[in-house]
Structure formats: structure tokens, C-alpha cells
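A note on names: the letters A, B, ... follow the listed sequences, proteins ahead of strands, and every chain is numbered from 1. As a basis for the values below, the full set of heavy atoms in this structure was taken, side chains included, without hydrogen atoms, waters or symmetry mates. From a predicted model like this one, the values you see are computed outputs, not experimental measurements.
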There are 2 protein chains.
Amino acid sequence: MAIARPTHRRLFAVFDHAYGRLSRRAGAVLADVGVKPAQATALVYLGYHNGCQLSELAAGVGAGNAAVTGLVDRMVKTGLVERRKLQSDGRGKTVHLTPDGLAKREQVMQRLRTLDEKLSKNFTDAEMEIIYKFLHTASEMET
Amino acid sequence: MAIARPTHRRLFAVFDHAYGRLSRRAGAVLADVGVKPAQATALVYLGYHNGCQLSELAAGVGAGNAAVTGLVDRMVKTGLVERRKLQSDGRGKTVHLTPDGLAKREQVMQRLRTLDEKLSKNFTDAEMEIIYKFLHTASEMET
DNA sequence: ACAAACTAATTCATATGTGTACTTTCTCCG
DNA sequence: CGGAGAAAGTACACATATGAATTAGTTTGT
């Protein structure tokens, strides 16, 4: 039996709370860009994988297909991206940044870089390694 | 000027992604308890602060008042909690676990403890300190 | 070549979040 | 006392998430 580790008992709760607060902050930081947080995430991802399929975008932003269908709908409506049919596979659709979407992405990246700096500035590189390892563990954890 | 820290450039994105995946996992883990993730969070908080006011619950679970109004509505509807008027202040309402809510909370705690163990088992206590410090930083960060 | 199985995207019901506006109630200051 | 203003909850419009069911297109096994 492992020694009790009281400070670890509510890890998930702390993670959950921290994320809630952080995402509110991110939402506020992005408000003046006129893009919602989930859309910002998608714009960033698309900058690296422009023209990817919906499913890939879903995996990339860590959500399910259904969520991304609606997300892309709203982004198409506001002119940030466009959907195209995939000719190689009749089921697939690809998502492409518009010039407008690309411009918004630049602004988003500015804001997120600042946020990242604030988040990480009190940690050493060695500490950041641990934090990344932890976040990666949380991402990849299986049931 | 600081040295470029490429691995830190997308901290927020990594955090966001990790949270998305982790919360899906938590949702799946809680599915058999028949409680949604936000409700589970509220149940846990209420276990420590039963009878607190709505605003305190909101702060405790990291959401706004409006979100918690609806959350409590749904939990009242399914009999997990009840709302009472605060006599000391005509504006306030307090939230109380029902026996049913308390029972669900026990099940939730079981599941979350298991999740916590999986999340933290590959980290030493010293590493966990850093992770908690980071999560705390993320919670408390000001604009 | 075809039925069975799989995959991609969508739709639907529902849960949860935000910001804003509104109501009610308190508090505090002149 | 009495009105300005803060605070607590709620209502509303909307963004975003999930899971289940649906539709359509592709792949596979015989």
C-alpha cells in the first residue's frame, strides 16, 4: 500500500478549477479579437494543418466530431473558414482558413503568446518539462 | 531578452487540449454514476461546504453565478440538492445536499480518487508540488 | 459483385459555459 | 430618513460540449 499523499487527493478537482479560471481569462483576453475560445483554438490548429478534415480538426482540438461540426458551422458563418468536399473520399470535408481567418489567427497568436509567457514565467525550464509531461499524461491517459 | 523557449510556446494550447481530453475521460468514468461532470464537481464541493450560498458555490467550482443557477436547477430537479432561503439576507439562497446527493457524492469521490491516482502515479512528490504550483498559478493569474 | 462492417459528417436532445440586463434586497453615506 | 449603489439570483441569447441516431460513402470477405 502506498503512503497517503494528501496533497494529491484532489488533483482532478484542482485541474478542473484551474482550467475553468484559465479559460475565462483566455476568453477575456480574446474578447477584443472578436473570436470565441474554441474558435481561437481551431484557428491556431488550422494554421498548422490548413485543409485538414473535420475529424482531424476534432482530434486536434480535443473534441468530438459533433462539437466540431457546429464549431465549423459558426466559423463559416462569420467567414473565418470554408468547407470543401474531399474528392478522394465522398464522405469527407476539409476545412480551410480564409484570408480573414488567417488575419484573426495572427491576433489570436499574439494574445496566446502573452498568456503563455505569464503562465510560465515563474517556472524554470526543468519545471516546465515536468508540467508538460504532466499535461501530456493527462491527455493520453487511458481508462 | 530571454532565450527562446520553444517547448513553452504553446502552453495554453497544450493545457486546453489536455483538459479537454481529461474531462472527457472524467465524464466517461462518471457515466455509470449517472451524474454529469459539472454536477459531480458541485457535489464534491458541497460535501465540504454544505449549505453554502449560490455565489460561494459558483466561486468554488470556478464558474459564474448564471451557470450555477442552471446547474442547481437541474440538480434540484433530479433530487440531488435543495435550495433554501437565507433568513439573514433576503437576497441569498443556500444549497444543501439531500441524502440522495450525499450518496452520489460518495460514488463520485471513489471514481475521482481512482482518476487522481492514475494521473499522479508516475510523478514523485516533488514533481507533484511543481504541478500543483503551476495549477495554482493558472487559477490565480490576473489579466 | 454484394452484403456486412466501417468511417465521416451531421442532426437532435441535453448539459454547461459566458455576458448582459433586470429584480429584489441590503448597506451606507449625507 | 432616503436615495445611490453594491450584491445575490435569475432570465435570456448564444457558444460549446457530449452521446445517440442517421445518412452517405468506402472497404472487405467470400
Side-chain angles (χ1 to χ4, degrees), chain A residues 16-17 19-43 45 52-78 80-81 83-95, chain B residues 16-17 19-43 45 52-78 80-81 83-95:
Chain A
D16 191 41
H17 189 265
Y19 180 77
R21 306 260 292 167
L22 182 58
S23 71
R24 288 182 83 159
R25 171 119 340 288
V29 162
L30 291 171
D32 69 306
V33 183
V35 171
K36 298 290 178 184
Q39 302 187 15
T41 303
L43 286 177
Y45 186 86
C52 70
Q53 281 184 237
L54 271 158
S55 317
E56 186 194 330
L57 180 56
V61 303
N65 280 5
V68 171
T69 290
L71 181 60
V72 170
D73 282 349
R74 288 183 294 275
M75 293 174 78
V76 166
K77 202 179 308 177
T78 52
L80 296 175
V81 299
R83 258 197 199 87
R84 291 185 205 150
K85 286 222 167 94
L86 230 193
Q87 51 268 84
S88 61
D89 185 332
R91 297 164 300 181
K93 312 265 178 79
T94 54
V95 185
Chain B
D16 191 42
H17 189 267
Y19 180 77
R21 305 260 293 169
L22 182 57
S23 71
R24 288 181 83 159
R25 171 119 338 286
V29 163
L30 292 170
D32 69 306
V33 183
V35 172
K36 296 292 178 182
Q39 302 188 14
T41 303
L43 286 177
Y45 186 85
C52 71
Q53 282 183 237
L54 271 158
S55 317
E56 186 194 329
L57 179 57
V61 304
N65 281 4
V68 171
T69 290
L71 181 60
V72 171
D73 281 350
R74 288 183 294 275
M75 293 175 79
V76 166
K77 202 179 310 176
T78 54
L80 297 175
V81 299
R83 259 197 197 87
R84 291 185 205 150
K85 285 222 168 95
L86 231 193
Q87 48 269 90
S88 61
D89 186 333
R91 297 165 299 182
K93 313 265 179 78
T94 55
V95 186

Handout entry: Nearest-nucleotide pick for B:Leu71, side chain only, options being C:dG17, D:dG9, D:dA17
Key = C:dG17

Practice task
Go through C:dA8, C:dT20, C:dA15 for me and flag the one nearest to the B:Ala66 side chain.
Solution key: C:dT20

Exercise for the section: Evaluate the side-chain proximity of B:Met75 to B:Val35: yes if any heavy-atom separation is below 4.5 Å, no if none is. Expected result: no

Fill in the blank from the handout: Assign each of A:Lys77 and A:Ser88 the nucleotide of DNA chain D bearing its closest heavy atom; nearer the 5' end lies the nucleotide of A:Lys77

Exercise for the section: Could you work out which one of C:dT16, D:dG25, D:dT18 sits closest to the side chain of A:Ala63? Expected result: D:dT18

Handout entry: Check: A:Arg91 side chain, D:dT26 base, donor-acceptor under 3.5 Å
Key = no

Exercise for the section: Quick one: label A:Gly70 by what it contacts on the DNA or RNA (base, sugar-phosphate, nothing), any heavy atom closer than 4.0 Å. Expected result: nothing

Practice task
Identify the two heavy atoms, one from B:Val68 and one from B:Ala63, that lie closest to each other, and give their separation to 0.1 Å.
Solution key: CG2-CB, 4.4 Å

Practice task
For A:Ala67, report the nucleic acid contact type (base, sugar-phosphate, nothing); a contact means any heavy atom under 4.0 Å.
Solution key: base

Handout entry: Euclidean distance, atom CZ of residue A:Arg83 to atom P of C:dA8 [Å, nearest integer]
Key = 16 Å

Exercise for the section: Check the distance between D:dA6's P and B:Asn65's CG and give it to me in whole angstrom. Expected result: 17 Å

Fill in the blank from the handout: Closest non-hydrogen contact found for B:Pro37 with B:Leu30 is CA-CD1, 4.2 Å

Exercise for the section: Write down the distance between CG (B:Leu86) and C1' (C:dC26), rounded to a whole number of angstrom. Expected result: 13 Å

Completion exercise
B:Val61 and A:His17 have their tightest heavy-atom pair at C-CD2, 3.9 Å

Handout entry: Contact summary for B:Leu71 and B:Gln39, nearest pair of heavy atoms
Key = CD1-CG, 3.6 Å

Exercise for the section: Describe the nucleic acid contact of B:Gly27 in one word from base, sugar-phosphate, nothing, applying a heavy-atom distance below 4.0 Å. Expected result: nothing

Problem - d(CD, B:Gln53; P, D:dT10) in whole Å - result: 11 Å

Practice task
Using a heavy-atom cut-off of under 4.0 Å over every strand shown, decide if A:Arg24 touches base, sugar-phosphate, or nothing.
Solution key: sugar-phosphate

Exercise for the section: Give the rounded distance in Å between these two atoms: CG of A:Asp73 and P of C:dC12. Expected result: 12 Å

Problem - Nearest heavy-atom neighbours spanning B:Ser55 and B:Asn65 - result: CA-OD1, 3.7 Å

Fill in the blank from the handout: Of the listed C:dG17, D:dG9, D:dT16, the closest approach to the B:Leu54 side chain comes from D:dG9

Completion exercise
Among the nucleotides C:dT16, D:dT16, C:dA9, whichever has the atom closest to the side chain of A:Lys93 is C:dA9

Exercise for the section: Using whole Å, report how far CZ of A:Arg74 lies from C1' of D:dC14. Expected result: 9 Å

Problem - Integer-rounded Å distance: C:dT14 P and B:Lys36 NZ - result: 11 Å

Exercise for the section: Using whole Å, report how far CZ of B:Arg84 lies from C1' of D:dA8. Expected result: 19 Å

Practice task
Classify the nucleic acid contact of B:Ser55 as base, sugar-phosphate or nothing, counting any heavy atom under 4.0 Å across all strands shown.
Solution key: sugar-phosphate

Practice task
When you get a sec, tell me which of D:dT16, C:dT16, C:dT11 is the closest nucleotide to the side chain of B:Gln39?
Solution key: C:dT16

